[in-house]
Amino acid sequence: VRILLVDDEAAIQRAVGPLLRSRGYEVDVAGTGADALGMFESRTPDLIVLDLGLPDLEGTEVCRRIRAKSAVPIIVLSARGAEGDKVNALDLGADDYVTKPFGPEELLARIRVALRRVGSEEPTDSGVFRAGDLTIDYDRHRVLRNDTEIRLTPKEFELLSLLVRNHDRVLTHRAILKAVWGPNAVEQPEHLWTLVAQLRKKIEPDPATPKYLLSEPWVGYRFVASGQGSRD
Amino acid sequence: MSARLHRDWSRIAAAVATVAIVTAALRWFAVSNAATVSTTYLMVVLVVAASSRLRVAVVTSIAAMLSLNFFFLPPVGNFSIADAQNWVALIAFLTVSLIASNLSAVAHARTQEAVSRRDELARLFDLSRDVLMMTDSPEALAVLARSVARRFDLDFVAVALPRRGDWNVFEAGSQHADLDRRELTKALASAQASLEFDAHARTYAGHRTMTVEGRDIRLVPLRVGTKPIGILAAAGRPVEAGTLDALAGVVAIAIERAQFLEERTASELMRQSEQLKTALLASLGHDLRTPLTAIRVAASNIVTPGLPPDDRAGQSELILTEVERLTRLFENTLEMARIDAGAVATESRWTHPSEIVAAARDQVEHTLAAHPVTVSIEHDVPVRLDPRLTASALAHLLENAAQYTPAGSAIEITVRRDETRATELPPDGQLVIGVRDHGPGIAAADLPHVFERFYRGAAAKARASGTGMGLWIVRGLLAVEQGQVFAENCPDGGAKFTILVPAAVKEAP
């Protein structure tokens with residue numbers, strides 16, 4: 001498995017490079033946005049770890065250009081405290097993010113999840129998806145937990161199927177609102193909070209400590225297919 | 001007052017003498033026609049009335065009347081009058097001359113008033129100009145009081161402003177008076193209670209008089225619009241009530257302006273300090289995260305079983321580098337805080353320039369390792385300066401040169417003495433330390449700003465490390481020892497930074 005690491009900091013390159021290699025990944029390192037785009041073409045990595053603070057191009061721009069050509073998983077590294085950059089990158093097609101300073105296990109876990117997601121069969125709107133004790137039947141619009149049907153409203157089903165189709169990715173509030181309620185609803189997150197709370201009551205064994213439908217504070221939500229709760 | 005009285009007396013004497021001379025002349029020419037005589041006297045009275053005050057004219061009228069009676073109206077030689085017709089002539093003469101005197105005196109007074117109005121207007125105008133020129137210094141109000149005293153020739157002027165139950169008094173003028181605070185409070189209270197607009201005089205009366213050590217001091221409310229904000233106290237030359245009002249108006253505007261300027265300065269300072277905090281947090285945020293991440297990842301890499309020994313050594317080296325980077329960041333932040341707090345002490349002693357260079361290189365040995373460094377010192381004789389601050393400033397310049405030039409490019413340090421005895425130079429000459437690199441130089445747009453705090457040029461922003469503190473610290477440290485630093489681009493490429501530090505040299509024995 002080949003990973004492209006894009007970060008202009010020599011220190012990060014020198015620490016994260018060996019970290020990934022020691023776990024058996026092949027690693028290419030790019031220090032600038034231009035390098036990153038070039039190496040994306042020439043090396044065809046299976047996953048990209050992308051720092052948002054690059055000297056030449058905005059990291060979000062690199063993200064947008066790569067996403068325009070490929071569905072390769074992108075994990076964004078953000079050294080900025082601002083949530084705005086992360087959200088932008090996610091809206092532009094990044095799959096996940098890790099905030100600096102991060103620990104090695106955190107990054108490795110995100111990489112594993114992203115790779116597993118790509119490895120699993122292509123998500124479609126038809127067929128059946130299983131996650132832990134949940135079964136989502138897209139064709140029949142049915143959700144089962146341990147063979148017991150859970151009754152969902154159409155909006156609840158729409159939200160759940162959106163999250164499940166993008167399982168293990170972070171979907172921003174904005175992206176979800178737009179997909180479920182339409183472009184005019186993006187400034188009304190209260191719809192989303194209510195619907196998420198309702199959905200959790202129905203699908204989570206313990207709605208107070210969700211295992212499937214996780215919040216990414218100030219950013220969005222993530223559906224964890226393994227049903228293992230937070231952090232892989 | 002007495003001077004004026006004295007002047008009146010001499011005028012009266014002169015007028016009476018004129019009457020006597022005219023009388024003698026009339027007698028000499030044997031003029032006896034009462035009409036001619038009285039017309040001549042009337043002319044004298046009019047001349048006197050036009051040039052003097054009413055009382056002088058009145059005395060002249062009476063003297064002329066008596067002379068007319070005594071010398072020309074029969075029976076001549078005494079004050080009795082035989083003919084009733086002459087009574088009428090005498091009374092008519094007196095009446096005409098008194099009325100003429102009065103009219104003339106009124107006209108005279110008007111002129112005087114117009115002149116003094118013009119004078120006061122000119123003073124007010126000058127004062128307004130003073131007010132407009134006033135800067136936002138802490139002494140603005142004292143300056144204002146002085147301007148009032150000077151422009152209006154007053155012996156005593158005080159601008160009194162209420163401040164939290166007490167009074168702030170700004171005094172000026174040749175004399176001093178202890179203003180009774182209670183009187184001030186009373187005057188302000190009454191000004192607040194009523195407007196006391198005197199429609200007849202078209203002034204805000206509300207004026208009070210306070211007696212201090214036998215002197216009358218006039219108190220005038222200072223109003224902005226109709227709201228009283230303080231009291232103006234004045235003594236010395238009498239100033240007309242309307243003028244005092246206008247004067248108080250100008251002073252009130254000046255006070256408002258001074259307070260506005262003060263507030264603006266305060267809010268400007270606040271804004272700058274907020275900006276600084278934001279910049280500091282942004283800078284620290286960025287510069288802490290990267291080394292912390294690298295250290296955390298590298299530390300866990302070291303204990304990973306699968307890592308080749310070479311990589312393991314590399315990871316430990318990486319940790320050391322990043323710890324050094326954090327240490328520098330910490331030291332820079334501390335040094336910056338010390339400069340800000342004015343807590344950098346300077347201690348001069350005799351040092352060899354070579355020691356300073358060696359100390360500076362030691363401080364940034366690790367960063368400098370990738371660059372060949374050459375040192376040339378013109379005369380390595382002891383100089384008197386603060387070696388610690390100078391070396392620290394030089395170390396920052398060396399670090400800067402190493403960071404912003406490609407690895408392997410040379411850095412040259414030159415040291416010489418400048419003994420030019422120009423007036424603007426330190427009297428004992430100065431030490432000139434140059435740091436020249438062979439990197440890309442400094443962009444022209446960045447050159448004027450490189451010593452600003454947290455300023456990072458386009459080239460610097462492209463590099464992740466660097467905080468924008470270093471060069472600011474260099475300037476701050478050197479300022480403590482009256483030194484300076486300049487940046488320039490060399491015509492053949494690369495940047496050159498020059499430090500100038502005042503330094504005495506040990507005279508050769």
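Each chain gets a letter, A, B and so on, in the order its sequence line appears, and its residues count up from 1.
For R2(A), the CZ atom is densely surrounded, since the number of other residues' heavy atoms within 6.0 Å is greater than 12. Crowding of E268(B) atom CD: a count of heavy atoms from other residues, nucleotides or ligands under 6.0 Å exceeding 12. More than 12 heavy-atom neighbours from other residues, nucleotides or ligands sit within 6.0 angstrom of CZ on R328(B). Within a 6.0 Å radius of CD in E355(B), more than 12 heavy atoms belonging to other residues, nucleotides or ligands are found. More than 12 heavy atoms of other shown residues, nucleotides or ligands fall within 6.0 angstrom of atom CG in D206(A).
Under the rule for a side-chain hydrogen bond (donor to acceptor under 3.5 Å, both in side chains), T44(A) has no partner lying at least two apart in sequence or in another chain. In terms of the side-chain contact (heavy atoms from CB on, under 4.5 Å) criterion, residue partners of A359(B) (sequence neighbours excluded) are, by chain and number, A391(B). Scanning for ring-ring contact (aromatic ring centres under 6.0 Å, His included) contacts around W472(B) gives an empty result, with sequence neighbours left out.
The distance from the CZ atom of R296(B) to the NZ atom of K100(A) is 13.5 Å, given to the nearest 0.5 Å. One finds the CG atom of D51(A) at 9.5 Å from the OG1 atom of T293(B) (value rounded to the nearest 0.5 Å).
Contacts from residues 14-41 of chain A to chain B, taken as heavy-atom pairs separated by less than 4.5 Å, involve R14(A), A15(A), V16(A), P18(A), L19(A), S22(A), R23(A) in sequence order.
Between P101(A) and R289(B), the shortest heavy-atom contact is CD-CG, 3.6 Å.
Listed options Q315(B), E322(B), E317(B) were ranked by heavy-atom pairs under 4.5 angstrom with chain A; first place goes to Q315(B).
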